[in-house]
Visitor: 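To start, I am sharing the structure in question, which I have written as structure tokens.
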2 protein chains.
Amino acid sequence: MIEDRTRAAVNGGAHGVGGSTVWVFDERRRVRDDVASRLVALPSVARVEAVGDPASLLARLATRQPDVLLVGTQRATDSGLAVATQVLRAHPSVPVLVLGAPDDAESVRAAVAAGARGYLRWDASPVEMGLGVSRVGLRAEPGRPHTGPLSAVGAPPAHAFGGSTALAAAPTTVRAAVRVDVPAVTLSVREMQVLTGMSQGKSNAQIGRELYLSEDTIKTHARRLFRKLGAKDRAEAVASGFRRGMMS
Amino acid sequence: MIEDRTRAAVNGGAHGVGGSTVWVFDERRRVRDDVASRLVALPSVARVEAVGDPASLLARLATRQPDVLLVGTQRATDSGLAVATQVLRAHPSVPVLVLGAPDDAESVRAAVAAGARGYLRWDASPVEMGLGVSRVGLRAEPGRPHTGPLSAVGAPPAHAFGGSTALAAAPTTVRAAVRVDVPAVTLSVREMQVLTGMSQGKSNAQIGRELYLSEDTIKTHARRLFRKLGAKDRAEAVASGFRRGMMS
DNA sequence: GCCGGCCTCACCCGCCGGGGTGACACCCCC
DNA sequence: GGGGGTGTCACCCCGGCGGGTGAGGCCGGC
């Protein structure tokens, strides 16, 4: 019951049309929801399912398999580690990523030894999660299983746990890895000014006043930049600007 | 006349309330407009003025001074370099950044020798420009002049011109340098799903259908996430999500 | 020299977005 | 055990968004 509620809350009905399916296991609801909330923002992730009960995790694995399975470990109870080991024994082909506490290198090392593909700090940013997930379980096409073989992500627990965050080194690499689309668009100065205004929550009239232009003129620029960026919305246009590296 | 048109097009009326004023000089209109279009997207830049004529550049400098002056150089005619030298002789306190071609290390070296604070490739991304501009001409307060002294940015032209882009090494550092606000907000899973949908140009009804929820429910989540992010708009909310590193 | 892109402005229109408010239920933390 | 955050849904309201279209002028490139 509780489990169904959580599933419903995280799952919704996003029938991933391309993009991988990620399962998150952790017995602590806070943790798995927190991690899930960051995962749903990733463009490469189409479907996120949160599981809090070892039994139902194994039951699901019997019929379906995720592209990546994140397993949270906690030092206090060894349950997370036990679950990971159990899963890997039953389904060695499932790409398991261990979610470790920032200072818990041991459990992580143990899990990697047991067959996990890598680890992530549970406080990793979406970008870092994206890197980890895409390295471990990228799917080229919806029907195909994860493209393998992939080199282990979790090789050097020691130094990674010393830094601020595991896998934090190369965000630009992530961009390159995740990016798929973007056929190089250039916006004019005016269009950039309008887009910037939009990203600051300004109305067309407000942008017009600040640029000493008519609101209708702003609308025209907006329409044009929507076309260029392939956006139907100012929200999508702003997102597109950020994804293309035009904004910061 | 031509000059006035360009100025008006770039300038608008953004009376920078905090944030630096940047001038862009280049005789090639394409270049200066292109650079300007990337500068206007920077949160740390409040005002951009594009100048295409050496004479009017010097005339302006007599009365006002920018926080940063970008000077474009071209190998063919040495005009850009000459202008930079001239400006620096007349106004040594003006922070000059040289805009060099990707493969033109010589002019850059010469300009730095003449007193320029650093260089940027003219094809630098907004993020890289932000780094360069903020290092050279950050203003703490509207009234105060640029905070100095600042270490030269352009020390190693050689190896920088070897890489893909000058100053491209540490985008995360830029974040840290530019970021000012952001008092740590956490969105719930649902809120993240809604925000993600918004960033994909989906309507509330559409998001609702995909999550098997009522449109009114989506609106409620939207309202709540707007409050959390301090956004008045879905566009601003999306931008905020990106700026806070919640989205990618 | 013409064509194309950009800038500017205008008018019409339909619909969605966002605010306000109320309600009920669950969950977690204090 | 109660309060705060979250999830879900509903109704009302209206202002702004986005689409379509037309039109004049300037600039740069083929």
Side-chain angles (χ1 to χ4, degrees), chain A residues 1-12 28-34 36-37 52 185-194 197-198 201-209 211-229 231-238, chain B residues 1-12 28-34 36-37 52 185-194 197-198 201-209 211-229 231-238:
Chain A
M1 189 58 185
I2 291 174
E3 196 37 46
D4 278 327
R5 199 180 178 284
T6 300
R7 274 211 323 251
V10 175
N11 229 350
R28 297 155 297 182
R29 179 173 184 161
R30 296 284 291 280
V31 173
R32 65 173 185 271
D33 277 4
D34 196 53
S37 74
V185 171
T186 56
L187 297 187
S188 73
V189 176
R190 274 291 186 240
E191 286 159 350
M192 278 305 296
Q193 288 177 317
V194 172
M198 287 176 174
K202 291 173 185 162
S203 69
N204 289 335
Q206 206 169 341
I207 297 172
R209 279 193 298 274
L211 297 178
Y212 298 125
L213 294 175
S214 147
E215 178 181 352
D216 281 313
T217 303
I218 305 300
K219 284 187 172 187
T220 304
H221 288 304
R223 277 191 288 266
R224 271 208 272 262
L225 78 88
F226 288 166
R227 293 226 164 277
K228 282 189 179 178
L229 296 175
K232 74 170 283 298
D233 214 65
R234 40 179 62 208
E236 190 179 11
V238 166
Chain B
M1 188 57 184
I2 290 173
E3 197 36 46
D4 276 329
R5 196 181 182 284
T6 300
R7 274 212 320 252
V10 175
N11 229 350
R28 297 155 297 182
R29 179 175 184 157
R30 297 283 293 279
V31 173
R32 66 174 186 270
D33 278 3
D34 196 52
S37 75
V185 171
T186 56
L187 297 188
S188 73
V189 177
R190 275 291 186 241
E191 287 160 349
M192 278 306 294
Q193 288 177 316
V194 172
M198 287 176 175
K202 293 173 184 162
S203 69
N204 289 335
Q206 206 170 340
I207 297 172
R209 280 193 298 273
L211 297 178
Y212 299 125
L213 295 176
S214 147
E215 177 180 354
D216 281 313
T217 303
I218 304 300
K219 283 187 172 188
T220 302
H221 288 304
R223 277 191 287 266
R224 277 208 265 257
L225 79 86
F226 288 166
R227 293 227 161 278
K228 282 189 178 178
L229 296 175
K232 74 171 283 298
D233 214 68
R234 40 178 65 208
E236 190 178 11
V238 166

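Each chain gets a letter, A, B and so on, in the order the sequences are listed, and its residues count up from 1.
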Visitor: At under 4.0 Å between heavy atoms, what does A:K228 touch on the DNA or RNA strands: base, sugar-phosphate, or nothing?
Guide: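 Sugar-phosphate contact only - A:K228 comes under 4.0 Å of backbone atoms but never of a base.
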Visitor: Where is the tightest heavy-atom contact between A:V194 and A:I207, given as atom of each residue plus distance?
Guide: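 Closest pair (atom of A:V194, atom of A:I207, distance): O-CD1, 3.7 Å.
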Visitor: Over how many whole Å does the gap from A:D33 atom CG to D:dT6 atom C1' extend?
Guide: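 Going from A:D33 (CG) to D:dT6 (C1'), I get 11 Å.
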Visitor: Grab the two heavy atoms, one from B:S37 and one from A:M192, that are nearest each other, plus how far apart they are.
Guide: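 The answer is O-CG, 3.1 Å.
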Visitor: How bent is the helix from C:dG1-D:dC30 to C:dC30-D:dG1, comparing axes over its five end pairs at each side, to the nearest 10°?
Guide: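 End-to-end axis angle for the helix from C:dG1-D:dC30 to C:dC30-D:dG1: 60°, rounded to 10°.
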Visitor: A:R190 vs A:T217, test: side-chain contact (heavy atoms from CB on, under 4.5 Å). Steps then yes/no.
Guide: CA-CA 10 Å; A:R190 274 291 186 240; A:T217 303; over 6 Å; no
Visitor: Round to a whole Å and report the spacing from CE of A:M198 to P of D:dG16.
Guide: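 A:M198 atom CE is separated from D:dG16 atom P by 15 Å.
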Visitor: Can you see if the side chain of B:R29 gets near the phosphate of D:dG29 - specifically, an N or O under 4.0 Å from OP1 or OP2?
Guide: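 So the side chain of B:R29 is outside the cut-off, no N or O lying under 4.0 Å from OP1 or OP2 of D:dG29.
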Visitor: Determine the contact category for A:R224: base if any of its heavy atoms lies under 4.0 Å from a base atom, sugar-phosphate if only primed atoms, P, OP1 or OP2 are that close, otherwise nothing.
Guide: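 Base contact.
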Visitor: Do you know which two heavy atoms are closest between B:A235 and A:M198, and how far apart they sit?
Guide: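 Answer, listing the atom of B:A235 first, then A:M198: CB-O, 3.5 Å.
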Visitor: As an exercise, state the distance from CG of A:L213 to CG of A:N204, rounded to the nearest 0.5 Å.
Guide: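 Those atoms lie 11.5 Å apart.
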Visitor: Work out which heavy atom in A:E236 is nearest to a heavy atom in A:A231; give both atom names and the distance.
Guide: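 So the two residues come closest at OE1-CA, 3.5 Å.
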Visitor: What about B:R223, does its side chain sit under 3.5 Å from the base of C:dG19 through a donor-acceptor pair?
Guide: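 Answer yes: a donor N or O sits under 3.5 Å from an acceptor.
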Visitor: With heavy atoms under 4.0 Å as the rule, sort B:R28 into base, sugar-phosphate or nothing.
Guide: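 Answer is nothing: B:R28 stays at 4.0 Å or more from every strand.
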Visitor: For the residue pair A:V189 and B:A36, what are the closest heavy atoms and their distance?
Guide: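 So the minimum-distance heavy-atom pair works out to CG2-CB, 4.3 Å.
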Visitor: Separation of B:I218 atom CD1 from C:dG19 atom P, in whole Å?
Guide: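 Computing the B:I218:CD1 to C:dG19:P distance gives 16 Å.
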Visitor: Do A:T220 side-chain and C:dC9 base share a donor-acceptor contact under 3.5 Å?
Guide: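 Such a pair is found, so the answer is yes.
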Visitor: The side chain of A:L213 is closest to which nucleotide in this list: D:dT8, C:dC7, C:dC9?
Guide: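 Given the options D:dT8, C:dC7, C:dC9, the side chain of A:L213 is closest to C:dC9.
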Visitor: To the nearest 0.5 angstrom, please state how far the CZ atom of B:R209 sits from the CD atom of B:E215.
Guide: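 Rounded to the nearest 0.5 Å, the CZ-CD separation comes to 8.5 Å.
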Visitor: Nearest to the side chain of B:S203, which nucleotide is it out of C:dC16, D:dG19, D:dG29?
Guide: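 Selected nucleotide (nearest to the side chain): C:dC16.
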Visitor: Are A:R190 and C:dT8 close enough that a side-chain N or O sits under 4.0 Å from OP1 or OP2?
Guide: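 Yes, within the criterion.
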Visitor: Expressed as a whole number of angstroms, how long is the span from B:E191:CD to D:dG5:P?
Guide: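 In whole Å, D:dG5 P and B:E191 CD are 12 Å from each other.
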Visitor: Once you round it to whole Å, what is the distance between P of D:dG7 and CD of B:E215?
Guide: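 Rounding to the nearest Å, CD of B:E215 and P of D:dG7 are 18 Å apart.
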Visitor: On DNA chain D, check which nucleotide each of A:D233 and B:R30 is closest to and give me the residue with the more 5' one.
Guide: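 Closest to the 5' end, via its nearest nucleotide, is A:D233.
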Visitor: Any side-chain N or O of B:R234 below 4.0 angstrom from OP1/OP2 of C:dG17?
Guide: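 For C:dG17, OP1/OP2 do have a side-chain N/O of B:R234 under 4.0 Å.
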Visitor: Would you say a side-chain N or O of A:H221 is under 4.0 Å from OP1 or OP2 of C:dT8?
Guide: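 Yes, such a contact exists.
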Visitor: What's the separation between atom CD1 in A:I218 and atom NE2 in A:H221, rounded to the nearest 0.5 Å?
Guide: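 One gets 6.0 Å once the value is rounded to the nearest 0.5 Å.
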Visitor: Is the closest basic N to carboxylate O distance between A:R29 and A:D33 below 4.0 Å?
Guide: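 Salt bridge flag = yes for A:D33 with A:R29.
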Visitor: Using a heavy-atom cut-off of under 4.0 Å over every strand shown, decide if A:T217 touches base, sugar-phosphate, or nothing.
Guide: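 Contact class for A:T217: base.
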Visitor: Round to the nearest Å and state the distance from B:N204 atom CG to D:dC9 atom C1'.
Guide: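 Those two atoms, CG and C1', are 14 Å apart.
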Visitor: In whole Å, what is the span from the NZ atom of A:K202 to the P atom of D:dG16?
Guide: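 Computing the A:K202:NZ to D:dG16:P distance gives 17 Å.
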Visitor: Sort me out a list of protein N/O and nucleotides 12-15 of chain C N/O pairs below 3.5 Å, or just none if empty.
Guide:
none

Visitor: Send over the distance from A:I207 CD1 to C:dC7 P, rounded to a whole Å.
Guide: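 Computing the A:I207:CD1 to C:dC7:P distance gives 15 Å.
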Visitor: For C:dC7, does OP1 or OP2 lie under 4.0 Å from any side-chain N or O of A:S188?
Guide: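 Looking at the OP1 and OP2 atoms of C:dC7, one of them is under 4.0 Å from a side-chain N or O of A:S188.
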Visitor: Sequence neighbours left out, what passes side chain to side chain contact (heavy atoms under 4.5 Å, CB included) with B:K228? Give chain and number order.
Guide: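 For B:K228 the side chain to side chain contact (heavy atoms under 4.5 Å, CB included) partners, ignoring immediate neighbours, are B:V185, B:L187, B:E191.
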